[in-house]
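If you're wondering where the values come from, they're calculated on a predicted model, not measured in any experiment. So that the names make sense, note that chain A is the first sequence line, chain B the second, and so on, each numbered from 1.
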Amino acid sequence: MPELAEVEYFRKQWSPGLGQRIIRVTTHPWTRLYRDCDVVELVSALAGSRLVASETHGKQMLFRSNRSGWLGIHLGMTGELRFTEDSEYDDRYAHLVLETKKGLMLFNNPRQFGRIRFATSKKAPEWWAGLPPQVLSKKFSYSFFSTHLDRRKGTQLKPLLLMQEIFPGVGNWMADEILWRARLAPTRRVKSLSDYERKTLYEQLRWVCRYALRIVGDDWGDFPNSWLFNHRWKDGGTCPLTEKPLQRDTVGGRTTCWSPAWQH
DNA sequence: TACAATGTTTTAAG
DNA sequence: CCTTAAAACATTGT
């Protein structure tokens with residue numbers, strides 16, 4: 001489920017636990033989530049410590065502890081963070097549980113496409129510090145964007161937008177929303193874009209990221225019906241602008257919803 | 001039963 | 001070495 005706005009929302013779900021002493025750490029160390037993580041180190045370092053700050057970067061989350069511990073979480077396709085004052089929870093998919101006096105910080109991830117990382121160091125570890133510029137940051141200028149496009153001339157626009165090394169945080173529904181607003185067909189190749197179309201793609205990319213964060217990032221609000229988002233999964237859905245039928249195709253290996261009458 | 005799922009990573013080919 | 005496409009990953013729900 002989570003793309004950059006949802007990730008921001010989930011990050012905040014643990015906020016009630018920040019500053020609280022962690023009295024117990026429970027993990028499912030056999031799951032794929034821990035493939036890049038020394039679980040013994042994670043458990044011993046987090047037990048007794050407090051998480052003091054958190055941030056997101058695209059689909060990545062980082063929690064910092066008061067003992068120079070850095071906890072990286074990626075939600076994958078089905079992950080969520082939750083805080084509960086109830087001591088009962090479904091253990092099946094709660095692969096990381098941080099227990100405090102005030103409540104539990106839970107990371108649920110049924111499909112195990114997520115990832116947990118941990119490091120102890122003065123400075124943020126390379127897997128965090130080395131992430132590419134965020135789409136809404138100052139560094140993500142039009143010329144930066146355009147330089148990356150020049151290197152991917154043969155790529156279709158849909159898989160292009162899903163490249164996390166260029167557009168951190170953009171996922172399947174956001175890519176469709178961006179292309180629909182830019183009026184570009186998902187199968188178009190980068191090299192076919194006119195200067196105007198390139199510019200439009202850049203602007204709509206930033207626009208969708210900004211408003212998605214605004215609407216979902218704080219309180220999981222609903223998107224207006226003017227967004228493709230509300231129509232994309234309905235069978236027989238229609239384009240909110242043209243009222244013509246939406247189409248679903250596989251592009252770049254992912255289900256893609258678009259409006260052939262509107263996007264070219 | 002077979003397939004799809006709001007995501008990456010790996011492998012292979014060009 | 002770089003770009004591009006497809007398969008693999010784990011599990012559930014339709």
Take the protein atom [atom1] of [X] and the nucleotide atom [atom2] of [N], then report the distance between them rounded to whole Å.
X      : N     : atom1 : atom2 : result
A/L160 : C/dT4 : CG    : C1'   : 12 Å
A/Q60  : B/dT8 : CD    : P     : 8 Å
A/L75  : B/dT8 : CG    : P     : 10 Å
A/M61  : B/dT8 : CE    : P     : 12 Å
A/L157 : C/dA5 : CG    : P     : 12 Å
A/Q164 : B/dT9 : CD    : P     : 9 Å
A/F167 : B/dG7 : CZ    : P     : 15 Å
A/L131 : B/dT8 : CG    : P     : 12 Å

By a 5.5 angstrom centroid cut-off and a 30 degree plane limit, is there stacking between A/F113 and B/dT8?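 Here A/F113 fails the 5.5 Å or the 30° condition.
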
Selection from [options] that lies nearest to any side-chain heavy atom of [X]:
X      : options              : result
A/W233 : B/dG7, B/dA5, B/dT8  : B/dA5
A/R189 : C/dT4, B/dT8, B/dA5  : C/dT4
A/K59  : C/dT4, B/dT8, C/dA10 : B/dT8
A/R32  : B/dT8, B/dA5, C/dA10 : C/dA10
A/R152 : C/dA10, C/dT4, B/dG7 : C/dT4

Report the residue (A/R111 or A/L162) whose heavy-atom-nearest nucleotide on DNA chain B is the more 5′ of the two.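 Final value for this comparison: A/R111.
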
Within 6.0 angstrom of A/E88 CD, more than 12 heavy atoms from elsewhere: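 Counting other residues, nucleotides and ligands, CD of A/E88 stays at 12 neighbours or fewer.
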
May I ask you to check whether over 12 heavy atoms, not counting those of A/E85, lie within 6.0 Å of atom CD?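 No, not enclosed.
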
Within the structure shown, what part of the strands sits under 4.0 Å from A/G154 by heavy-atom distance: base, sugar-phosphate, or nothing?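 Here A/G154 touches the backbone only, sparing every base.
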
Counting only side-chain nitrogens and oxygens, does [X] get under 4.0 Å of the OP1 or OP2 atom of [N]?
X      : N      : result
A/T255 : B/dA4  : no
A/R254 : B/dG7  : yes
A/K153 : C/dT3  : no
A/Y93  : C/dT12 : yes
A/H74  : B/dT8  : yes

Pi-cation contact, [Y] with [X] (under 6.0 Å, within 45°):
X      : Y      : value
A/R111 : A/F113 : no
A/R181 : A/W227 : yes
A/K139 : A/F144 : no

Which nucleotide, in any strand shown, forms a Watson-Crick or G-U wobble pair with C/dA10, with both distances under 3.5 Å?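 Across all strands, not a single nucleotide pairs with C/dA10.
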
A/Q247 vs A/S259, side-chain hydrogen bond (donor to acceptor under 3.5 Å, both in side chains): CA-CA, chis, key distance, verdict: CA-CA 6 Å; A/Q247 188 168 318; A/S259 172; over 6 Å; no

